[in-house]
Amino acid sequence: MAELLLELFSEEIPARMQRRAAQDLARLVTGEMEKAGLAFDEARSYTTPRRLVLVVEGLPTTQPDVREERKGPKVGSPDRAIEGFLKSVGLDSLDQCETREIKGNEFHFAVVEQKGRGTPEVLTEILPGLLAALPWAKSMRWGEGDVRWVRPLQSILCLFDDQPVAFTFGHVSSGNKTQGHRFMAPGPISVSGFADCQTKLEAARVVLDPAERQARIEEQAKALTAEKGLEI
């Protein structure tokens, strides 16, 4: 089983929009993966002022194979009905079908087996549309591109099983790089998965988890006030 890591890095996102955007991102991505037959164990989202992060764990490396049975017209039906049925199931002739008896009548049946595609291929196909569908309360265009985002989008980090997933959203192509704190640790950072990303961002003065950031602020504030004989 493998992990998906997706980070959308932009200019500062209004604080009132961050939590909802992270929830919407998780809902859209996991919903589409379920439709594609990609079950998973857990999905978590994180926000900072400049990024939305989604990590999905326990994903298969390929879709499951699918076997579908389609009932067709009766044996001896007009050619037009036969041709329409074959076209609908993607077959060339009745030789590729089975004949089954139902209540004294014989019918043509098509058994279509579709081999599952690799998960990275599926992600490359679905992610651009999902990002375009993210429902921002307000969004904007910038530069010469047509893509809309809450603030100018600068980079996309996307890894599956620690390997880059290649796709393009507007003018931005995905890769394996993120960025640290704007002033205290600027510059690109290459990562190989969520744990590596979290560790390197911590070193670059970025704490991904909003709850952890709040807890640290409270702890430090209490320590400072205690030094003065005060309490919050």
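None of the values given here were measured: they were computed from a predicted structure. The chain is numbered in sequence order, starting from 1.
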Q | Transitive ILVMFWY cluster of I82, excluding itself - 4.5 Å side-chain cut-off | A | F85, L86, V89, L91, L94, V112
Q | Hydrophobic cluster identity match, V147 and L25, side-chain contacts under 4.5 Å | A | yes
Q | Chi angles and distances behind the salt bridge (charged side-chain N to carboxylate O under 4.0 Å, His left out) call for E42, R44 | A | CA-CA 7 Å; E42 182 184 16; R44 304 186 306 278; 3.3 Å; yes
Q: In sequence, state the C-alpha distance, the side-chain angles, and the governing distance for E218 and Q214, and then conclude on side-chain hydrogen bond (donor to acceptor under 3.5 Å, both in side chains).
A: CA-CA 6 Å; E218 290 179 350; Q214 179 177 332; 3.3 Å; yes
Q: Any chance you could measure S174, atom OG, to L127, atom CG, to the nearest 0.5 Å?
A: 8.5 Å
**Q.** All ring-ring contact (aromatic ring centres under 6.0 Å, His included) counterparts of H171, not counting sequence neighbours
**A.** W142
Q | E34 and F40, any side-chain heavy atoms less than 4.5 Å apart | A | yes
Q: Please report the closest heavy-atom contact between I232 and A221, naming both atoms and the distance.
A: CD1-CB, 3.4 Å
Q. Atom OG of S77 and atom NE2 of H108: how far apart are they, to the nearest 0.5 Å?
A. 6.5 Å
Q) Is there a side-chain contact between R50 and F9 (heavy atoms, below 4.5 Å)? A) yes
Q: Check the surroundings of atom CG in D146: do more than 12 heavy atoms from other residues, nucleotides or ligands lie under 6.0 Å from it?
A: no
Q. Under a single-linkage definition using a 4.5 Å side-chain heavy-atom cutoff for Ile, Leu, Val, Met, Phe, Trp and Tyr, are V122 and F169 assigned to the same hydrophobic cluster?
A. yes
Q) Does L131 belong to the same Ile/Leu/Val/Met/Phe/Trp/Tyr cluster as V53, with side-chain heavy atoms less than 4.5 Å apart forming each link? A) no
Q | Co-membership, hydrophobic cluster, residues M33 and V55, 4.5 Å side-chain | A | no
Can you give each donor-acceptor pair under 3.5 Å made by side-chain atoms of residues 204-213, sequence neighbours left out, with the distance rounded to 0.1 Å?
{"from": "R205", "atom 1": "NH1", "to": "A203", "atom 2": "O", "distance (Å)": "3.4"}
{"from": "D209", "atom 1": "OD1", "to": "A211", "atom 2": "N", "distance (Å)": "3.0"}
{"from": "E212", "atom 1": "OE2", "to": "R216", "atom 2": "NE", "distance (Å)": "3.3"}
{"from": "E212", "atom 1": "OE2", "to": "R216", "atom 2": "NH2", "distance (Å)": "2.6"}
{"from": "R213", "atom 1": "NH1", "to": "T47", "atom 2": "O", "distance (Å)": "3.0"}
{"from": "R213", "atom 1": "NH1", "to": "V207", "atom 2": "O", "distance (Å)": "2.6"}
{"from": "R213", "atom 1": "NH1", "to": "L208", "atom 2": "O", "distance (Å)": "3.2"}
{"from": "R213", "atom 1": "NH2", "to": "T47", "atom 2": "O", "distance (Å)": "3.0"}

Q. Quick one: salt bridge (charged side-chain N to carboxylate O under 4.0 Å, His left out) pairs with a partner in residues 16-28, sequence neighbours left out?
A. R20-D24, D24-R27
Residues 181-197 side chain polar contacts: donor-acceptor under 3.5 Å, at least two apart:
{"from": "H181", "atom 1": "ND1", "to": "F183", "atom 2": "N", "distance (Å)": "3.1"}
{"from": "H181", "atom 1": "ND1", "to": "M184", "atom 2": "N", "distance (Å)": "3.2"}
{"from": "R182", "atom 1": "NE", "to": "E12", "atom 2": "OE2", "distance (Å)": "3.4"}
{"from": "R182", "atom 1": "NH2", "to": "E11", "atom 2": "OE1", "distance (Å)": "2.7"}
{"from": "R182", "atom 1": "NH2", "to": "E12", "atom 2": "OE1", "distance (Å)": "2.9"}
{"from": "R182", "atom 1": "NH2", "to": "E12", "atom 2": "OE2", "distance (Å)": "3.3"}
{"from": "S192", "atom 1": "OG", "to": "D196", "atom 2": "OD2", "distance (Å)": "3.4"}
{"from": "D196", "atom 1": "OD2", "to": "S192", "atom 2": "N", "distance (Å)": "3.0"}
{"from": "D196", "atom 1": "OD2", "to": "K200", "atom 2": "NZ", "distance (Å)": "3.2"}

Q. Is D79 atom CG crowded by more than 12 heavy atoms from other residues, nucleotides or ligands, each under 6.0 Å away?
A. no
Q. Taking 4.0 angstrom as the limit, do E69 and R100 come out as a salt bridge?
A. yes
Q: If you link ILVMFWY side chains whenever their heavy atoms are less than 4.5 Å apart, which other residues fall into the same cluster as F107? By chain and number, please.
A: I102, F109
Q) Taking C-beta and beyond as the side chain, do V150 and P14 meet within less than 4.5 Å on heavy atoms? A) yes
(Q) Closer than 3.5 angstrom, by distance alone: can the side chain of R141 be matched with the main-chain N or O of W149 as a donor-acceptor pair? (A) no
Q | Atom CD of E231: over 12 foreign heavy atoms under 6.0 Å | A | no
Q) About how many Å separate CG of L52 and CG of L153, when rounded to the nearest 0.5 Å? A) 9.5 Å
Q) From T119 OG1 over to F160 CZ, what is the distance, rounded to the nearest 0.5 angstrom? A) 4.0 Å
**Q.** Side chain proximity check, E113 to V66, heavy atoms < 4.5 angstrom
**A.** no
Q.
Quick check on the hydrophobic clustering: are I156 and L5 connected, directly or via other members, by side-chain heavy-atom contacts under 4.5 Å?
A. no
Q) Rounded to the nearest 0.5 Å, how far apart are CZ of R117 and OG1 of T124? A) 9.5 Å
Q. Are the side chain of E7 and the backbone N or O of T178 linked by a donor-acceptor pair below 3.5 Å?
A. no
Q: Rounded to the nearest 0.5 Å, what's the gap from CD on Q154 to CG on L8? Could you check?
A: 12.5 Å
